[in-house]
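Please read the structure below before turning to the comments.
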Amino acid sequence: METPLFKNYTATVLILIGIGFLAYAATLQSPFLDSEVRTLLEDPIIQDFSKVNDIVRIDQIFNGSLPKLSFAINYWMGHSTPWGYHLVNLLIHLCVGLAFYWVVREWLIFFDQKNSAYLNWLPLVAAAIHLLHPLNSQAVILISSRPILFASLFYLLTFGFLARFLREFRVNPKKAKGSIDLLMVMACFAVGGTSDPIMVTLPFMGWIFSRFYMASTRKVEGEIFALTLIPWVIYLIYQITTPAAELVTEFVGKSGSLSTLYFLTQIKAFVFYYLPKALFPIHLNLDPDFRLVSGIGDWTWMLSLVVIGALFALARATRSSLVQWSFLWTFLIFVSFYAFAMDDPVVSEPRFYLPGLGVHLLLAMGLVELGIRHPIAGWLRVGVPALFMILTFSRGQDYRSEISLWQATAQSSPHKPRTHYELGKAYLASGLTDPAEKELVTTLELNAKHIPALIKMGELHIQRKEYAKALESYQALIRQNIKVPVVNFNAGLALLEMGQPKDAVPYLEEAVAKQPGVAVWHLTLARAYHKSRQLQKALKYYRASLQINPDQPVAHNEMGMLFWDLKSFYFADAAFQKAYQLDQQYVGALNNLTTSSMMFKQYDQAIAYLDRLLEINPDDDNAQQLLVAALRFQKQQKLEPPPKLQDFH
């Protein structure tokens with residue numbers, strides 16, 4: 001019997017949006033990962049909205065232009081405020097859930113499913129499971145996963161309109177060729193192609209989907225199928241010939257080619273990681289410690305193929321087209337794309353975001369069928385999504401800080417160097433040098449040649465003001481021909497802190513030349529020039545730093561000090577004012593503004609700044625003495641006679 005509530009699509013939409021938002025509301029304030037800041041937020045094209053044409057250029061349109069455009073809009077509206085980026089990710093996720101609800105309804109009609117209980121409950125339960133499934137939490141929370149969110153949305157929309165088109169085509173082929181549904185199929189596919197390369201799998205998946213509904217000659221089938229494979233084959237060749245550098249290291253010493261071993265590892269991961277986590281989403285991990293296949297003779301991938309064959313036979317035995325399609329959706333999308341992706345890490349939860357829709361539909365079908373056969377078990381249709389919601393909310397707590405996230409990850413994957421390195425890096429960013437050193441030492445024990453960990457050990461010495469040790473470690477890396485810009489930058493920073501700005505300049509110049517989009521690097525080079533008394537060059541790099549990131553109070557204040565040295569006092573005062581506007585707790589800017597106001601004989605303004613300084617630190621002896629002087633000068637100024645008219649001639 002149908003429940004009237006769920007006949008009301010508005011109520012259904014509100015329910016899905018409400019539960020999805022509640023599951024992730026606490027993660028909106030989650031900080032960015034350091035890697036996201038470096039690869040996304042520090043991208044000059046994203047930071048400068050006037051360069052948006054570089055994102056949507058015709059030669060860049062299918063290079064992730066839609067996610068990049070959304071990041072540029074995020075940055076334009078809120079700069080580096082995390083909640084805006086997380087909110088956009090969550091909104092896209094909610095749209096995917098609503099699209100899944102609609103598509104499942106279309107598939108039920110497409111496959112002639114006439115059971116009203118299925119039509120009423122299945123789309124809702126399937127969409128709720130996808131929205132609330134803990135395995136999707138990483139894709140939703142990490143802004144770097146936005147491309148797969150966008151691609152999943154348009155992938156689903158394409159299949160929804162394709163189902164409508166195929167139904168219309170069967171009734172009236174001539175009319176269907178000019179239908180709006182066919183135009184929407186092409187439009188959604190095109191827009192999805194601007195999101196993520198996984199869209200290359202859609203043509204042949206669409207062909208397979210149409211085989212459930214239409215019949216044609218084998219010759220025509222073969223020709224069409226060959227055409228649908230073209231985008232996938234091109235991408236496949238590209239991926240196999242350009243593997244991630246990290247993969248080469250991970251598969252060293254194993255028998256077999258890199259592409260073959262990677263493919264077999266993904267087959268194994270599909271059976272022994274993704275499917276179990278989709279059904280029992282506990283002990284989730286940002287960087288799973290998944291054992292790679294040891295070689296062609298590894299029995300685990302062979303067992304995985306047996307399991308996949310058994311699952312396919314079971315799907316065939318149900319004689320349900322929807323069950324068979326759901327299994328094919330999950331297996332074919334995952335294997336055809338991710339088994340050849342040649343990316344690092346080898347196993348990552350966001351990879352199952354789109355393929356997992358098939359598992360979510362199968363799980364929903366099981367719950368609905370169980371409720372139909374055993375009404376007493378009908379509560380599971382609500383209970384299982386509710387359980388997933390609790391697990392997702394709990395998983396979201398790990399993302400409340402980068403330290404808590406990597407602590408949980410390192411506990412789950414204690415033998416992976418990366419987890420300890422990232423945790424050490426997070427500790428170091430928070431100024432916790434002792435636990436940072438412990439994690440970095442653990443990283444180097446697991447991998448003595450871990451270059452990023454060696455670099456961070458040098459940064460740890462800098463934080464401890466052990467500049468000579470830091471310089472020694474970085475110069476050792478340079479002698480090993482480690483061409484990483486941050487090595488040059490940190491060597492220059494150590495020299496600058498040791499009072500050798502002229503020696504620091506060449507290192508800093510090389511770092512900035514190799515990686516010009518980092519604001520703090522330009523700022524540090526400006527300081528080195530400033531201390532070397534190369535004032536015009538210093539001004540150039542202060543301005544370059546502020547062009548990349550205009551919201552740096554320290555950079556504005558230091559540029560003001562440079563203007564002061566150049567005797568450009570009005571420019572200096574304007575720079576100090578800007579620094580104070582950005583940070584009204586900034587003591588350095590307040591001190592400089594006080595000096596500037598006293599020099600311009602603006603004693604009222606100087607008194608206001610000194611009062612502010614004493615609010616921040618009532619024990620500031622220098623501010624107290626200056627306040628007495630400013631009050632005396634103010635009194636004298638008021639006693640002076642006003643200027644006479646002839647004084648202006």
Exercise. Below 6.0 angstrom between ring centroids: does that apply to F110 and W325?
Worked result: no
Exercise. Side-chain donor-acceptor pair under 3.5 Å between H86 and Y24, yes or no?
Worked result: no
Problem set entry | Check: Q397 main-chain N/O paired with R400 side-chain donor or acceptor under 3.5 Å | yes
Exercise. In terms of ring plane angle, is the pair H130 and F100 parallel, tilted or perpendicular, where the classes change at 30° and 60°?
Worked result: perpendicular
Exercise. Hey, is the main chain of D289 close enough, under 3.5 Å, to the side chain of S413 for a donor-acceptor pair?
Worked result: yes
Exercise. Are more than 12 heavy atoms from other residues, nucleotides or ligands located less than 6.0 Å from atom CE of M77?
Worked result: no
For this session: Would you please test F71 and V88 for side chain to side chain contact (heavy atoms under 4.5 Å, CB included) and show each step?
Result: CA-CA 9 Å; F71 289 134; V88 172; over 6 Å; no
For this session: Evaluate the criterion side chain to side chain contact (heavy atoms under 4.5 Å, CB included) for residue pair N74 and R146; output intermediate values, then yes/no.
Result: CA-CA 12 Å; N74 265 138; R146 189 176 295 179; 2.9 Å; yes
Exercise. Got a donor-acceptor contact below 3.5 angstrom from the S394 side chain to the I390 backbone?
Worked result: no
For this session: Using modelled atom types only, decide if a donor and an acceptor are shared between the side chain of S195 and the backbone of P147 within a distance under 3.5 Å.
Result: no
Exercise. Are I333 and Y155 close enough, and set up right, to give a side chain to side chain contact (heavy atoms under 4.5 Å, CB included), and what steps lead you there?
Worked result: CA-CA 11 Å; I333 292 178; Y155 210 105; 3.8 Å; yes
For this session: Measure from the side-chain N and O atoms of S412 to the backbone N and O of T409, and report whether any donor-acceptor pair falls under 3.5 Å.
Result: no
Check residues 180-187 and write down every donor-acceptor pair under 3.5 Å in which the side-chain atom is one partner and the other belongs to a residue at least two apart or another chain.
{"from": "D181", "atom 1": "OD1", "to": "R164", "atom 2": "NE", "distance (Å)": "3.2"}

For this session: Output the distance between atom CD (E369) and atom NE2 (H374), rounded to the nearest 0.5 Å.
Result: 9.0 Å
Exercise. For F337 and L354, what are the C-alpha separation, side-chain angles and deciding distance, and is it a side chain to side chain contact (heavy atoms under 4.5 Å, CB included)?
Worked result: CA-CA 11 Å; F337 187 75; L354 178 59; over 6 Å; no
For this session: State, with a plain yes or no, whether a side-chain heavy atom of T330 is found less than 4.5 Å away from one of L361.
Result: no
Exercise. Going by the angle between their ring planes, with limits at 30° and 60°, are H79 and Y75 parallel, tilted or perpendicular?
Worked result: perpendicular
Problem set entry | I267 side chain reached by I308 side chain, heavy atoms, under 4.5 Å | yes
Exercise. Out of curiosity, L132 CG to L16 CG, how far, rounded to the nearest 0.5 Å?
Worked result: 8.5 Å
Problem set entry | W102 ring center near Y9 ring center (under 6.0 Å) | no
For this session: Return yes if some donor-acceptor pair links the side-chain N/O of Q29 with the main-chain N/O of P82 below 3.5 Å, else return no.
Result: no
Exercise. Roughly how far, to the nearest 0.5 Å, is CG of L149 from CG of L91?
Worked result: 11.0 Å
Exercise. For A127, does its backbone N or O pair with a side-chain atom of H360 as donor and acceptor, under 3.5 Å?
Worked result: no
Enumerate donor-acceptor pairs with a distance under 3.5 Å from any side-chain N or O in residues 274-283 to protein atoms, sequence neighbours excluded.
{"from": "Y274", "atom 1": "OH", "to": "S348", "atom 2": "N", "distance (Å)": "3.0"}
{"from": "Y274", "atom 1": "OH", "to": "S348", "atom 2": "O", "distance (Å)": "3.2"}
{"from": "K277", "atom 1": "NZ", "to": "I282", "atom 2": "O", "distance (Å)": "2.8"}
{"from": "K277", "atom 1": "NZ", "to": "H283", "atom 2": "O", "distance (Å)": "3.1"}

Seminar exercise, completed: For L142, the side chain to side chain contact (heavy atoms under 4.5 Å, CB included) test, sequence neighbours excluded, returns L33, E36, Q138, S144, S145, L286, Y399
Exercise. Which of parallel (below 30°), tilted (30 to 60°) and perpendicular (above 60°) describes F32 and Y85?
Worked result: perpendicular
Exercise. Between the main-chain N or O of V140 and the side-chain N or O of N89, is there a donor-acceptor pair closer than 3.5 Å?
Worked result: yes
Exercise. Angle class for the F263/F340 ring planes (parallel below 30°, perpendicular above 60°, tilted otherwise)?
Worked result: tilted
Exercise. Is a donor on one side and an acceptor on the other found under 3.5 Å between the side chain of W301 and the backbone of I296?
Worked result: yes
Exercise. Do L284 and D398 come close enough that some side-chain heavy atom pair is under 4.5 Å?
Worked result: no
For this session: Give me the ring orientation class for F159 and W107: parallel if the planes are under 30° apart, tilted from 30 to 60°, perpendicular past 60°.
Result: perpendicular
Exercise. Is there a donor-acceptor contact under 3.5 Å from the side chain of T81 to the main chain of G84?
Worked result: no
For this session: Would you indicate whether the side-chain heavy atoms of H133 and T392 approach each other to under 4.5 Å?
Result: no
Exercise. Looking only at side chains, do S404 and S401 share a donor and an acceptor under 3.5 Å apart?
Worked result: yes
For this session: Please state whether the rings of F312 and F327 are parallel, tilted or perpendicular, taking 30° and 60° as the class boundaries.
Result: tilted
